[in-house]
Amino acid sequence: MPAEPAATARQDAPRRARPLRQALTRWLAGNGALAGLALVCLVMFIATPAFLTIPNLLNVGVQAAVVAVLAFGLTFAIITAGIDLSVGSVAALSSITAGWLVATAGLPGPVALLAAPVTGLIAGLACGVAIAYGKLPAFIATLAMLSIARGLALVVSGGRPIEMPPEVSFLGGSLGPVPVPVVVLVIAWAVTAFVLNRTVFGRSLYAIGGNEEAARLAGLPVKRTLAAVYALSGLFAGVAGLVLAGRLASAQPQAGAGYELDAIAAVVIGGASLAGGSGKATGTLIGALILAVIRNGLNLLNVTAFWQQVVIGLVIAAAVGIDALRSRR
């Protein structure tokens, strides 16, 4: 007789554990990027205790800033099942335009702070109009802009760096103990989160990404929204170009090369789907931080830049693979 309660207890144990496993699975599904960031930080701390110091963590924020700002702009496009391959080149063109207006055209320094975002906005809007009204695939339109923007950056600068005015170089400095790029990153994250979560425009992006035809039949201005999405992506690229120029103290025509791949990876690592309809500002921020933490940790471990490229490539491949698996499920 005493054996029966024990047997019953053993049978009930799996049933009691099942809700815990289900709760853990749900949490990981919604917070996988955050768990990944915590795991990467733990591994880097074990590998090199110098990682978890305040100066180094601030350095991680600085390293993540440019990619994160680019990725925030890309988040809008990816939510609508689009893509923007031009953000790295647009960032370079924006900073070159701002530097040229001050150094060559003789305009006052503060103009550069406005010229770069406006340049990015115009480039992004051109892509958006071609995609929404010209029916060009986003991949083709933004690939063309990647080449156009990079070529214009080289033409305007003559292939040489342009020194930036103090108003832009300030973006590479600090406000007290906090680096300015980190401040810009936080502001860009807050703007992105507000647009996606608190505006009709932001909510309509999810509807378009989920089913564009259904969104059109529901009365959403799909074409205008898509044009605005790529204009926003260009605007964020212009801001990222300013931050990058501030860190370098000059506008470089070849700056930002390859950054679009890191930005796309940050968005996907953060939980957005390349199939559209999902994505969050906080997830994108975490994705950018994961990439920055990996690079920073590898630098601390004296891993060569060549192997760093291999590791980042593997991370990108894993992120896209997880996205594909998530989409099938």
Side-chain angles (χ1 to χ4, degrees), residues 30-34 36-38 41 54 57-80 84 87 90-91 94-95 110 113-114 116-118 120-121 124 167-168 170-206 209 225 228-247 259-260 262-272 277-293:
N31 301 275
L34 182 60
L37 177 61
C41 288
I54 298 299
L57 291 178
L58 289 175
N59 186 41
V60 169
V62 171
Q63 292 176 344
V66 174
V67 170
V69 175
L70 290 173
F72 289 137
L74 260 168
T75 302
F76 298 112
I78 289 178
I79 288 175
T80 62
D84 190 347
V87 290
V90 170
S94 300
S95 62
L113 297 175
L114 181 62
V118 169
L121 178 68
E167 289 82 359
V168 175
F170 164 77
L171 295 174
S174 299
L175 288 173
V178 182
V180 175
V182 175
V183 176
V184 175
L185 183 155
V186 172
I187 293 173
W189 165 79
V191 170
T192 305
F194 176 80
V195 171
L196 290 177
N197 300 326
R198 302 292 181 182
T199 67
V200 174
F201 171 80
R203 303 313 300 174
S204 67
L205 301 186
Y206 293 97
T225 302
V229 160
Y230 289 91
L232 267 177
S233 181
L235 176 66
F236 275 79
V239 173
L242 275 181
V243 175
L244 185 57
R247 288 184 59 192
Y259 277 39
E260 56 277 348
D262 281 4
I264 293 170
V267 179
V268 176
I269 291 171
S278 66
K280 296 180 179 178
T282 301
T284 296
L285 173 61
I286 293 172
L289 288 174
I290 287 175
L291 293 176
V293 165

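Computation of the quantities below employed the complete heavy-atom set of this structure, encompassing side-chain atoms and omitting hydrogens, waters and symmetry-equivalent molecules.
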Indicate yes or no: at least one non-hydrogen side-chain atom of Ile79 is less than 4.5 angstrom from one of Ser278. no
Side-chain touch Leu196/Tyr206, heavy atoms, less than 4.5 angstrom: yes
Could you tell me the separation between the CG atom of Leu74 and the CG atom of Asp84, rounded to the nearest 0.5 Å? 5.5 Å
Taking only residues two or more places apart in sequence, or in another chain, which ones meet Thr282 in a side-chain hydrogen bond (donor to acceptor under 3.5 Å, both in side chains)? Trp189
Name every donor-acceptor pair, under 3.5 Å, that has one atom in a side chain of residues 173-186 and the other anywhere in the protein, sequence neighbours excluded.
none

Tell me, which pairs form a side-chain hydrogen bond (donor to acceptor under 3.5 Å, both in side chains) where one or both residues lie in residues 69-79, sequence neighbours left out? Thr75-Thr284
Hey, could you give me each pair passing side-chain hydrogen bond (donor to acceptor under 3.5 Å, both in side chains) that has a residue in residues 193-205? Not counting sequence neighbours. none
Atom pair CG/CD1 of Leu37 and Ile269 - distance to nearest 0.5 Å: 10.5 Å
Which heavy atom in Ala64 sits nearest to a heavy atom in Ala288, and how many Å separate them? CB-O, 4.0 Å
In short, Ala281 meets Thr192 closest at the heavy-atom pair CB-CG2, 3.7 Å
Euclidean distance, Asp262 CG relative to Leu70 CG, rounded to 0.5 Å: 9.5 Å
Could you tell me whether the side chain of Ser95 reaches within less than 4.5 Å of the side chain of Leu242, counting heavy atoms only? no
Do Phe72 and Leu232 come within less than 4.5 Å of each other through their side chains, counting heavy atoms only? no
Output every pair passing side-chain hydrogen bond (donor to acceptor under 3.5 Å, both in side chains) with a member in residues 62-73, not counting sequence neighbours, ordered by first then second residue. none
Starting at OG of Ser94, measure out to CG of Leu244 and round the result to the nearest 0.5 Å. 11.0 Å
Using a 4.5 Å cut-off on heavy atoms from C-beta on, say whether the side chain of Arg247 contacts that of Val62. yes
Where Val90 and Ala237 come nearest, the two heavy atoms and their spacing: CG1-CB, 3.9 Å
Suppose we screen for ring-ring contact (aromatic ring centres under 6.0 Å, His included). Which residues come up paired with Phe236, at least two apart in sequence or across chains? Phe76
Over all atoms of both residues, closest heavy-atom pair of Val239 and Pro117: CG2-CG, 4.2 Å
